[in-house]
J.: 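Starting off with a structure, shown below.
It should be emphasised that the depicted structure is a prediction, and the values quoted were computed from it without experimental measurement.
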Amino acid sequence: MGQIDVRDGAFVVIDEVNGERMHIPVGSVACLLLEPGTRISHAAVKLAATVGTLLIWVGDAGVRLYSTGQPGGARSDKLLYQAKLALDDSLRLKVVRKMFELRFGEEPPSRRSVEQLRGLEGARVRKTYQLLARQYGVKWNGRRYNPTEWGASDVPNQCLSAATACLYGITEAAILAAGYAPAMGFLHTGKPLSFVYDIADIVKFETVVPAAFRVAARNPPMPEREVRIACRDAFKQARLLQRLIPMIEDVLSAGDIEPPPPPPEAVPPAIPEPPSIGDAGHRS
């Protein structure tokens, strides 16, 4: 927590209480997640935009995504790579099969279309909800919710909606930081966050869904707040943000095509990494 500012041309965090100053190598950082308790100056935002570092304003541990700056990490070569995979039916199927494998720990049945895999996934998801509800002693009548009428849902569904919203926040932050488009999905399509849903679903049942059922079993007076806290702790314990970007790259690599190289006229990093004087693995 502190004031992010520019001092002597450098990106720094100033603790006004203790007078401490910490330098951030903004030119070699793809993304900064600004949690509550952080303030940032106009000069710092300008410097981040100049060097292409994405600023994202999030809730505690990324359980909400409130706003993002200009995604400087979103290069055309990465977007073209994602689009090529999404527009080619055979490549898209490979990506969807990889998502299925990562989510359920086994390869999907062969000779199945994207629509058939979506149906298989839906059946497994419904069964998993039932098993987790029974495990945590929660009365479960199915996943039923209306986004426009929060109070119409029962407590388990309110907890699940709050939990998935937390997961979507941190997943969208990871996708933007990696330079890809949240709207360009593979299993999910036609929504502003289609790719967010694709990636979030891979880890949903190991992170936020158990947390939601644990809270629902206690039936607290403020379930949404309790779920946010539980998701925050689950994200930190699982080091989720560190896993998401490699997972995104792993999913897209299932298409077995080489990402297009940056065009020759591409703008280089504003502050390139200095050459290391040591060998690989040596601290310079």
J.: Going through the distances and angles, do Leu244 and Ile199 end up as a side-chain contact (heavy atoms from CB on, under 4.5 Å)?
T.: CA-CA 8 Å; Leu244 282 174; Ile199 298 300; 4.0 Å; yes
J.: Tell me if the NE2 atom of His42 is crowded by more than 12 foreign heavy atoms within 6.0 Å.
T.: no
J.: Roughly how far apart are Ile4 CD1 and Ile24 CD1, rounded to 0.5 Å?
T.: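 Separation between the atoms: 5.5 Å.
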J.: If you apply the rule side-chain contact (heavy atoms from CB on, under 4.5 Å), what do you find for Phe205 with Leu132, and how did you get there?
T.: CA-CA 9 Å; Phe205 284 99; Leu132 286 171; 3.8 Å; yes
J.: Find out whether Val114 and Phe186 are in side-chain contact, i.e. whether some heavy atom of one side chain is under 4.5 Å from a heavy atom of the other.
T.: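 No; the side chains remain at least 4.5 Å from each other.
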J.: Count the heavy atoms belonging to other residues, nucleotides or ligands that lie under 6.0 Å from CD of Glu106, then report whether that count exceeds 12.
T.: yes
J.: Determine, for Glu206 against Arg243, whether the closest basic-nitrogen to carboxylate-oxygen distance falls under 4.0 angstrom.
T.: yes
J.: Using the rule given for side-chain contact (heavy atoms from CB on, under 4.5 Å), can you reason through Met99 versus Leu102, listing the C-alpha separation, both sets of side-chain angles and the distance that settles it, and then say yes or no?
T.: CA-CA 5 Å; Met99 291 175 178; Leu102 291 175; 6.0 Å; no
J.: Would you say that Arg7 contacts Ile14 through its side chain, given a criterion of any heavy-atom pair below 4.5 Å between the two side chains?
T.: yes
J.: Apply the test side-chain contact (heavy atoms from CB on, under 4.5 Å) to residues Ile257 and Leu85: give CA-CA distance (whole Å), side-chain angles for both, the deciding distance (0.1 Å), then the verdict.
T.: CA-CA 8 Å; Ile257 63 171; Leu85 292 169; 3.6 Å; yes
J.: Check for me, please, whether Val58 and Ile245 land in the same ILVMFWY cluster - side-chain distances under 4.5 Å, paths through other members count.
T.: no
J.: In Å, rounded to the nearest 0.5 Å, how long is the span from CD of Gln82 to CD1 of Ile248?
T.: 9.0 Å
J.: When rounded to the nearest 0.5 angstrom, what is the spacing between SG in Cys166 and CD in Glu224?
T.: 8.0 Å
J.: Decide, yes or no, whether a salt bridge links Glu107 with Lys98 under the criterion of side-chain N to carboxylate O below 4.0 Å.
T.: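 No, this pair does not count.
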J.: Does any non-hydrogen side-chain atom of Arg124 lie less than 4.5 Å from one of Phe104?
T.: yes
J.: To the nearest 0.5 Å, what is the distance between CE (Met184) and OG (Ser194)?
T.: 10.5 Å
J.: Can you confirm whether the side chains of Ser161 and Arg143 place a donor and an acceptor under 3.5 Å from each other?
T.: yes
J.: Can you measure from NZ (Lys78) to CG (Leu252) and round to the nearest 0.5 angstrom?
T.: 9.5 Å
J.: Atom CG in Leu240, atom CD1 in Ile170: separation rounded to 0.5 Å?
T.: 4.5 Å
J.: Taking 4.0 angstrom as the limit, do Arg97 and Glu101 come out as a salt bridge?
T.: no
J.: With sequence neighbours excluded, tell me which residues meet ring pair (Phe, Tyr, Trp, His ring centres under 6.0 Å) with Tyr168.
T.: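 For Tyr168, the residues satisfying ring pair (Phe, Tyr, Trp, His ring centres under 6.0 Å) (neighbours in sequence not counted) are Tyr197.
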J.: Applying the side chain to side chain contact (heavy atoms under 4.5 Å, CB included) criterion to Val227, which one of Val215, Leu160, Thr164 satisfies it?
T.: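 In the set Val215, Leu160, Thr164, the residue that makes a side chain to side chain contact (heavy atoms under 4.5 Å, CB included) with Val227 is Val215.
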J.: So do Trp140 and Leu131 actually touch side chain to side chain, heavy atoms under 4.5 Å?
T.: no
J.: Regarding Arg232 and Glu226, does a basic nitrogen lie under 4.0 Å from an acidic carboxylate oxygen?
T.: no
J.: With heavy-atom distances below 4.5 Å as the criterion, would you say the side chains of Arg214 and Pro210 are in contact?
T.: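 Touching, per the 4.5 Å side-chain cut-off.
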J.: Between Lys236 and Asp233, is the closest basic N to carboxylate O distance under 4.0 Å?
T.: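 Result for this pair is no, no salt bridge flagged.
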J.: Is the shortest side-chain heavy-atom distance between Glu121 and Val125 below 4.5 Å?
T.: yes
J.: Is Val209 close to Tyr129 at the side-chain level, that is, under 4.5 Å between some pair of heavy atoms?
T.: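 A side-chain contact exists here, since the closest heavy-atom pair is under 4.5 Å.
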J.: Would you please classify the geometry between the Tyr136 ring and the Phe213 ring as parallel, tilted or perpendicular, with 30° and 60° separating the classes?
T.: parallel
J.: Check whether any side-chain heavy atom of Arg103 sits under 4.5 Å from a side-chain heavy atom of Asp201, and report yes or no.
T.: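 Result yes, sub-4.5 Å side-chain heavy-atom pair found.
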